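Counting convention: from 1, in listed order, for ligands and their atoms alike. These numbers were taken from a predicted model, which means no experiment stands behind them. Start at 1 with the first residue, then count along the sequence.
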Amino acid sequence: MPKVPVPEHIKSLVPYPPGKPIEELKREIGVEKIIKLASNENPVGPSPKALEAMRKAIERVNRYPDGSAYYLKKKLSEKLGIEPEQIILGNGSNEIIELVFRTFYQPGDNIVSAEITFAVYPIIAHAMGAEYRAAPMKNLKYDLDEMLHFIDEKTRIVFISNPNNPTGTYVTTREFENFMEKVPDSTLVVLDEAYFEFVDRDDYPNGLNYIEKFPNLIVMRTFSKIYGLAGLRIGYGIGNSEIIDYLNRVRQPFNVNLVAQEAALAALDDDEFVDKVRNLTHSGLKWLYSRVERLGLEYIPSVTNFFLIKVGKGKEVFEALLRKGVIVRPMDGYHLPEYIRVNVGTEEENRIFIESLEEVLSQL
Ligand SMILES: Cc1ncc(COP(=O)(O)O)c(C=O)c1O
């Protein structure tokens with residue numbers, strides 16, 4: 001037995017259950033093809049421009065990456081109309097979440113978010129030994145007024161996933177503005193816009209419009225979703241330059257790898273690809289809704305690339321789909337045992353998912 005003392009808050013952590021590699025799963029269940037609709041990934045692939053940039057970049061991986069990500073910050077700043085000093089890059093936007101904790105959290109502080117939201121917020125909070133307060137939601141939507149009741153002078157970080165994973169719902173401009181006006185200046189608000197590029201609603205707030213007015217706001221975005229670069233791990237945060245400066249002091253000097261930087265630069269130039277993915281997602285979602293309705297199932301309308309379907313026994317449906325080679329996400333861990341979450345796939349994947357779901361439901 002190792003004699004190294006382990007802090008209580010680490011002992012009580014539940015390990016994140018890793019999925020099996022696709023090849024292992026194929027062998028285990030004896031299917032040729034696996035369809036993965038469980039991680040809200042881009043089913044199309046990376047943009048062709050990003051692929052080409054990556055192929056070139058691998059020739060140079062004997063060198064460390066540019067620790068300041070000079071060119072990528074420059075391009076992002078031009079595209080988004082902000083200063084490079086307002087940007088922090090991360091090894092996925094997940095790393096930004098962690099950096100925010102490591103930079104601003106002190107023992108005794110608390111963290112506030114919603115009951116059913118991105119699992120990484122409580123995971124990191126608990127790993128830091130922080131008190132994590134989960135505010136109730138309204139119809140599976142963030143209730144920002146309710147969240148205000150959970151915030152006090154020791155609340156250091158608030159997380160808002162907009163749109164929210166796993167519900168696919170969003171907070172409106174009016175709700176968000178009202179919240180920002182009331183939240184204490186000493187509380188950092190992290191607005192997680194991982195799915196920003198998928199949303200086409202007039203009353204959906206673009207977090208960047210509020211950076212100037214609210215120095216306690218950080219907006220997070222990622223290359224993992226619409227840009228199709230999840231495996232590279234690259235995301236970014238935007239905020240007040242002083243706040244960003246502190247985050248930059250805490251991060252590792254080479255936290256974003258060379259291939260990821262080059263791919264992201266190229267992906268930002270590929271508007272055609274982004275449009276294609278967005279259109280495919282919107283039409284796919286509409287098609288899936290219609291088929292789910294035809295199966296007599298309820299679902300939660302979503303503004304992003306995934307949605308919740310009420311199937312009854314979510315875990316059983318998940319397992320039965322898995323045996324057919326279709327991976328979705330069971331929602332029991334999110335206190336929604338009747339639901340599964342599924343992301344939009346290619347047309348063929350969507351069709352196979354619906355056929356499999358129909359078979360599974362008739363068998364169960
Ligand atoms: C709400 C939300 N934020 C952040 C992320 C993580 O993104 P990244 O791959 O940039 O770490 C995800 C990924 O699923 C997400 O759903």
Within a distance under 4.0 Å of any heavy atom of Arg233, pick out the atoms of ligand 1 and give their elements. 8 (P), 9 (O), 11 (O)
Close aromatic pair by centroid cut-off 6.0 Å: Tyr236 and Phe223: yes
With heavy atoms of Ser224 as the reference, note each atom of ligand 1 found under 4.0 Å away. 8 (P), 9 (O), 10 (O)
Per-residue contact class, Asn94 against ligand 1 - non-hydrogen pairs under 4.0 Å: both
Assert yes or no for the condition that the ring centre distance of Phe273 to Tyr227 is strictly below 6.0 Å. no
Excluding sequence neighbours, so at least two apart, what forms side-chain hydrogen bond (donor to acceptor under 3.5 Å, both in side chains) with Glu212? none
What residue and atom, counting heavy atoms only, is the protein's closest point to atom 12 (C) of ligand 1, and at what distance? Phe118 CZ, 3.4 Å
Given the ring of Phe196, does Arg221 sit roughly above its face, with NZ or CZ under 6.0 Å from the centre of the six-membered ring and within 45° of the axis? yes
Answer with yes or no after comparing the ring centroid distance for Phe179 and Phe176 against a 6.0 Å cut-off, counting only values under it. no
Atom 2 (C) of ligand 1 [closest protein heavy-atom partner, distance rounded to 0.1 Å]: Asp192 OD2, 3.4 Å
Got a donor-acceptor contact below 3.5 angstrom from the His282 side chain to the Val303 backbone? no
Taking the six-membered ring for Trp and the full ring for Phe, Tyr or His, determine whether the centres of Phe306 and Tyr195 are under 6.0 Å apart. yes
Give the atom numbers and elements of ligand 1 that come within less than 4.0 Å of a heavy atom of Ser161. 1 (C)
Are the aromatic rings of Phe307 and Tyr289 close, with centres under 6.0 Å apart? yes
Ligand 1 N/O within reach of Thr222 N/O, cut-off under 3.5 Å: yes
Is there a polar contact, in the sense of an N or O pair closer than 3.5 Å, between Tyr195 and ligand 1? yes
Which protein heavy atom lies closest to atom 7 (O) of ligand 1, and at what distance to 0.1 Å? Ser93 OG, 3.1 Å
Polar contacts were defined as any N/O atom of the residue lying under 3.5 Å from an N/O atom of the ligand; does this apply to Lys225 and ligand 1? yes
Which ligand 1 atoms are under 4.0 Å away from a heavy-atom of Ala194? 2 (C), 3 (N), 4 (C)
